[in-house]
Amino acid sequence: MPELPEVETVVRGLREKLTGREIDSIISYREGTVIDERSEERDYGNIIGIHRKGKYILIDTDSNTTIMIHLRMTGKLVFDQPAEESHHCRAEMKFTDQTNLIFDDVRTFGKINILDKGSEEMKLSFLGIEPFDKGFDVEYLQKKLSGRKAPIKNILLDQSVIAGLGNIYVLEILHRAKISPLRKSSDIKKREIAAIIHETKEVLREAISKNGTTISDFRRVDDKTGEFQKFLRVYGKHYCKCKSEILRVKQAGRTSYYCPVCQK
DNA sequence: ATTGCTTCCTGAGCGC
DNA sequence: TGCGCTCAGGAAGCAA
């Protein structure tokens with residue numbers, strides 16, 4: 001499931017492969033996957049920049065256009081692959097030099113929004129802070145947690161609090177910070193908040209350096225898998241490194257994994 | 001204001 | 001072999 005490190009990995013791949021290419025067409029093979037919301041009809045233009053906000057991929061062109069892509073759970077962007085080789089091809093971007101980019105998405109939740117440049121600002125204004133921003137510090141998180149009765153796990157998953165975390169990384173962060181995902185947010189102590197901040201940056205940095213986590217579907221732009229799944233400590237595990245059994249519980253509709261001995 | 005449930009969707013894995 | 005059930009989950013939308 002693409003979270004910040006996987007999206008960052010894809011963005012880096014896209015930047016290398018797509019920068020400077022001219023978009024000839026964008027084909028939607030499924031109703032609702034590609035949505036052109038621009039104020040007027042015009043060419044897509046040449047790709048001049050690719051970046052990321054939270055889990056959203058943003059592709060800028062010189063035609064006053066920003067292409068916003070969200071992979072959701074099973075979306076993949078694969079460069080230079082014939083559409084017929086992709087099992088669940090939902091959309092395709094064709095370039096004037098005959099190369100292409102395939103949007104493959106088994107569960108069809110992913111979306112490609114074609115926008116007037118700048119209008120993504122408003123659309124993404126609900127997003128919270130980026131984990132690598134200077135402002136992501138104890139003071140920021142303390143403010144967000146104070147008075148909140150929901151479990152810490154739920155708050156960390158909230159994109160309007162921190163942009164980019166998903167189920168896997170939130171659980172890895174809490175395990176490294178030695179905090180149970182069940183803890184009430186307002187009860188988390190200052191030094192524990194500091195641990196969460198530190199481990200968030202650390203886990204994300206490590207995961208990006210390993211090209212993200214592939215559990216089942218995630219692929220890089222060259223269709224290779226990530227490697228961080230080898231370094232997970234709780235997600236999907238049966239035993240903690242301390243030999244205790246990892247517990248599984250449902251929180252906000254998602255499975256949480258945690259070690260009742262290491263995490264308090 | 002905050003919280004939590006349902007919905008979208010398909011394929012894998014399991015029991016019978 | 002094949003059927004039906006459960007599970008995986010990001011974010012929107014809605015209800016309490």
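In the text below, chain A, chain B and the rest are named by the order of the sequence lines, each starting its count at 1. All values below were derived from every heavy atom in this structure, side-chain atoms included, with hydrogens, water molecules and symmetry-related copies excluded.
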Nearest-nucleotide wise, let me know which of A:Arg72 and A:His88 is further upstream toward the 5' end of DNA chain B.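 By nearest-heavy-atom nucleotide position, the 5'-most residue is A:Arg72.
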Just grab all the side-chain hydrogen bond (donor to acceptor under 3.5 Å, both in side chains) pairs involving [range], residues at least two apart or on different chains.
range: residues 69-83 of chain A; answer: A:Thr74-A:Asp105
range: residues 150-164 of chain A; answer: A:Lys153-A:Asn167, A:Lys153-A:Ser256, A:Asp158-A:Ser160
range: residues 193-209 of chain A; answer: A:Arg176-A:Glu206

Are A:Tyr235 and A:Thr255 linked by a side-chain donor-acceptor pair shorter than 3.5 Å?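 There is no such pair (donor and acceptor under 3.5 Å, judged by atom type) between the side chains of A:Tyr235 and A:Thr255.
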Enter the inter-axis angle for the ends of the helix from B:dT2-C:dA16 to B:dC16-C:dG2 (five pairs per end, rounded to 10°).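 Helix axis angle between the two ends: 50°.
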I'd like a list of close polar pairs between nucleotides 3-6 of chain B and the protein, N/O only, cut-off under 3.5 Å.
{"residue": "B:dT3", "atom": "OP1", "partner": "A:Lys149", "partner atom": "N", "Å": "2.7"}
{"residue": "B:dT3", "atom": "OP1", "partner": "A:Ala150", "partner atom": "N", "Å": "3.1"}
{"residue": "B:dT3", "atom": "OP2", "partner": "A:Arg148", "partner atom": "NE", "Å": "2.4"}
{"residue": "B:dT3", "atom": "OP2", "partner": "A:Arg148", "partner atom": "NH2", "Å": "2.6"}

Quick one: does A:Ser63's side chain have a donor or acceptor within less than 3.5 Å of a partner on A:Asp43's backbone?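 Confirmed, A:Ser63 side chain pairs with A:Asp43 backbone.
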Linking Ile, Leu, Val, Met, Phe, Trp and Tyr by side-chain heavy atoms under 4.5 Å, what else ends up with A:Val249?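 In the cluster with A:Val249 are A:Leu182, A:Leu247, A:Tyr258.
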Hydrophobic side-chain clustering at under 4.5 Å (ILVMFWY, transitive links): who's grouped with A:Leu58? Put none if nobody.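 Reading the cluster by chain and number, A:Leu58 sits alongside A:Tyr56, A:Met68, A:Leu115, A:Leu124, A:Phe126, A:Leu127.
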With side chain to side chain contact (heavy atoms under 4.5 Å, CB included) as the test, pick out the partner of A:Thr213 among A:Lys230, A:Glu3, A:Gln229.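 Of the listed residues A:Lys230, A:Glu3, A:Gln229, the side chain to side chain contact (heavy atoms under 4.5 Å, CB included) partner of A:Thr213 is A:Gln229.
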Could you tell me which residues satisfy side-chain contact (heavy atoms from CB on, under 4.5 Å) with A:Glu139, sequence neighbours excluded, listed by chain and number?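 Result, side-chain contact (heavy atoms from CB on, under 4.5 Å) vs A:Glu139: A:Asp137.
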Determine which pairs satisfy ring-ring contact (aromatic ring centres under 6.0 Å, His included) with at least one residue from residues 144-166 of chain A, sequence neighbours left out, and list them in order.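 For residues 144-166 of chain A, and leaving out neighbouring residues, there are no ring-ring contact (aromatic ring centres under 6.0 Å, His included) pairs at all.
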Answer yes or no: is there an ion pair linking A:Arg21 with A:Asp97, defined by an N-O contact shorter than 4.0 Å?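 Salt bridge: yes.
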With a 4.0 Å cut-off, would you call A:Glu130 and A:Arg52 a salt bridge?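 Salt bridge between A:Glu130 and A:Arg52, a charged N being under 4.0 Å from a carboxylate O: yes.
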If you walk 5' to 3' along DNA chain C, what is the first nucleotide with an atom under 4.0 Å of a heavy atom in chain A, and what is the last?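 Contact span on the strand: C:dA8 to C:dA12.
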Taking only distance into account, with no hydrogens and no angle test, what donor-acceptor pairs under 3.5 Å do side-chain atoms of residues 140-150 of chain A form with protein atoms, sequence neighbours excluded?
{"residue": "A:Tyr140", "atom": "OH", "partner": "A:Ile129", "partner atom": "N", "Å": "3.4"}
{"residue": "A:Tyr140", "atom": "OH", "partner": "A:Val161", "partner atom": "O", "Å": "2.7"}
{"residue": "A:Ser146", "atom": "OG", "partner": "A:Lys143", "partner atom": "O", "Å": "3.3"}

Close residues, residues 102-111 of chain A, relative to DNA chain B [heavy-atom separation under 4.0 Å]: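 Output list: A:Val106, A:Arg107, A:Thr108, A:Phe109.
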Classify A:Thr255 by what it touches in the nucleic acid, base, sugar-phosphate, or nothing, heavy-atom distance under 4.0 Å.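 Since only primed, P, OP1 and OP2 atoms lie under 4.0 Å of A:Thr255, the category is sugar-phosphate.
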What is the distance, rounded to the nearest whole Å, between atom CZ of A:Arg90 and atom C1' of B:dG11?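 Taking atom C1' of B:dG11 as the reference, CZ of A:Arg90 is at 12 Å.
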